[in-house]
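Inspection log for the structure reproduced underneath, given as structure tokens.
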Amino acid sequence: MARSTATAPAGHGLAFRGVSKHYGIVRAVDSVDLDVARGEFLTLLGPSGSGKTTMLMMIAGFTAPSAGEILLDGKAITHLPPEKRNFGMVFQGYALFPHLSVFDNVAFPLKVRRRPAEDIKREVGRALELVQLTSLADRMPRQLSGGQQQRVALARALVFTPEILLLDEPLGALDRKLRTEVQIELKQLHERIRTTFVYVTHDQEEALSMSDRIAIVRDGRFVQIGRPADLYERPATRFVAGFLGESNFIKGRVNGPAEGGFSYGTGGESFRQKASPVPAAGSEVLLAMRPEKIAVAADASIAATNRIQGRVTSWNYFGSDFHFTVATQSLGQLAVRCPAWRIKLEPRNEMQVWLGWDADAAVVVADD
Ligand SMILES: Nc1ncnc2c1ncn2[C@@H]1O[C@H](COP(=O)(O)OP(=O)(O)OP(=O)(O)O)[C@@H](O)[C@H]1O
Ligand SMILES: [Mg+2]
């Protein structure tokens, strides 16, 4: 399993040091290290029950770690009560006060902090401006759309200029189109205010499109941490390749080195793969290959390093893309995706096709 990497400058930002949370025999969070730089947008991405919310609750101070330390700018905050941490939180259900106006909802954290009335007016105005809701200040929550309610919840979490904003699946209740809109707004908001965001989701597209870095969580541990494109292009393990995007997996045996990589055999055929370091001849390798890296054509005209024939067993049209499942002799079923504008064949089930991919189309991954 890949080790998590710390990229934040030491002592500046938020850090986990050997943090665990055990509930009886359940290791919800299992001895993790993490560094989040000040101003960073870090996403915790993982399946249900992997420990994401537990990590967030420990940052917020609502859950005490069973072991380890949580540091802010190098100082332990592990046992500091939540109200002394000055972190904002946004949850899935927005939880606005139904009997308070938008203005009063956003003003609430400042009233709790006993701030003077003129400060409250100014700060609420500023927060509503940030989320572009100035004109709706007098509305009641029930008079708002889901996306607008979510933005009120955001304004309420930002109004006291928190050092860190914690967001736990904040867009989960929104439909797909609205979700995409609020994703873009959230990212722009982050770029403007540069508050540290720790964002929890199990939506991989959301993680890819918004984050500076993504930490992939599995069974209470980090399996890989990196920038979205690095994780997508170079997943370290089968789990990461399958969880972040879709992948075909190919098992083969290394024949030996071949320009910039190696050649491997599987199902009676040989293919070439770029790699560094080159795995030893005779060893077993597991490769992950994204469906969009495979070209499909009705004839053998594809110019690619690796080519095989196959038979279309299913295909779907998605407007922007075609998705194919192609049965092959040597590699079994392969998922293939092709932009609709580029496709030069009329898809039919059972049709014979050629598939082609270059030597850098796949990556070697660890089998976990
Ligand atoms: N208070 C608790 N008591 C006992 N077990 C708990 C408690 N809270 C969480 N767990 C367990 O800890 C593990 C991690 O839970 P957590 O809520 O952190 O997962 P998650 O990644 O947020 O999942 P989801 O995506 O479903 O929200 C789960 O196995 C869960 O059942
Ligand atoms: Mg959760």
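Computed from heavy atoms alone, side chains included, the values below leave out hydrogens, waters and symmetry copies. Both ligands and their constituent atoms are indexed starting at 1 by order of listing. Treat the numbers as computed from the prediction; the structure is a model and nothing was measured.
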Where ligand 1 meets P47 - atom numbers and elements under 4.0 angstrom, heavy-atom basis: 21 (O)
Residues D321, R337: salt bridge by 4.0 Å N-O rule: no
Donor-acceptor pair between T325 and S314 side chains, under 3.5 angstrom: yes
Salt-bridge criterion met for R307 and E269 (N-O under 4.0 Å): no
Presence of N, O or S from T54 under 2.8 Å of the Mg ion (ligand 2): no
Residue pair D138 / S101, side-chain donor-acceptor N/O under 3.5 Å: no
Heavy-atom protein neighbour under 4.0 angstrom from atom 6 (C) of ligand 1: yes
Residue and atom name of the nearest protein heavy atom (relative to atom 18 (O) of ligand 1), distance in Å to one decimal: T54 OG1, 2.5 Å
Which of the ligand 1 atoms, numbered from 1, are nearer than 4.0 Å to a heavy atom of H202: 25 (O)
Nearest non-hydrogen protein atom, atom 12 (O) of ligand 1: A28 CB, 3.2 Å
Electrostatic pair R126:E123 at N-O distance under 4.0 angstrom: yes
Distance-minimising heavy-atom pair for Q183 and E206: NE2-OE1, 3.0 Å
Nearest-neighbour protein heavy atom for atom 23 (O) of ligand 1, which is reported as residue plus atom name and distance: G49 N, 2.7 Å
Atom indices of ligand 1, in the order listed, that fall short of 4.0 Å to a heavy atom of T53: 17 (O), 18 (O), 20 (P), 22 (O), 27 (O)
Heteroatom proximity flag, G46 to ligand 1, N/O under 3.5 Å: no
Atom 8 (N) of ligand 1 - nearest protein heavy atom and its distance: Y23 CE1, 3.4 Å
N or O contact, V26 vs ligand 1, cut-off under 3.5 Å: no
Short N-O contact, R272 and E259, less than 4.0 angstrom: yes
Taking atom 25 (O) of ligand 1 as the reference point, the nearest protein heavy atom with its distance: K52 NZ, 2.7 Å
SB check E40 R213 (cutoff 4.0 Å): yes
Nearest-contact summary for atom 26 (O) of ligand 1 - protein heavy atom, Å: S48 OG, 2.5 Å
Electrostatic pair R17-D35, nearest N-O below 4.0 angstrom: yes
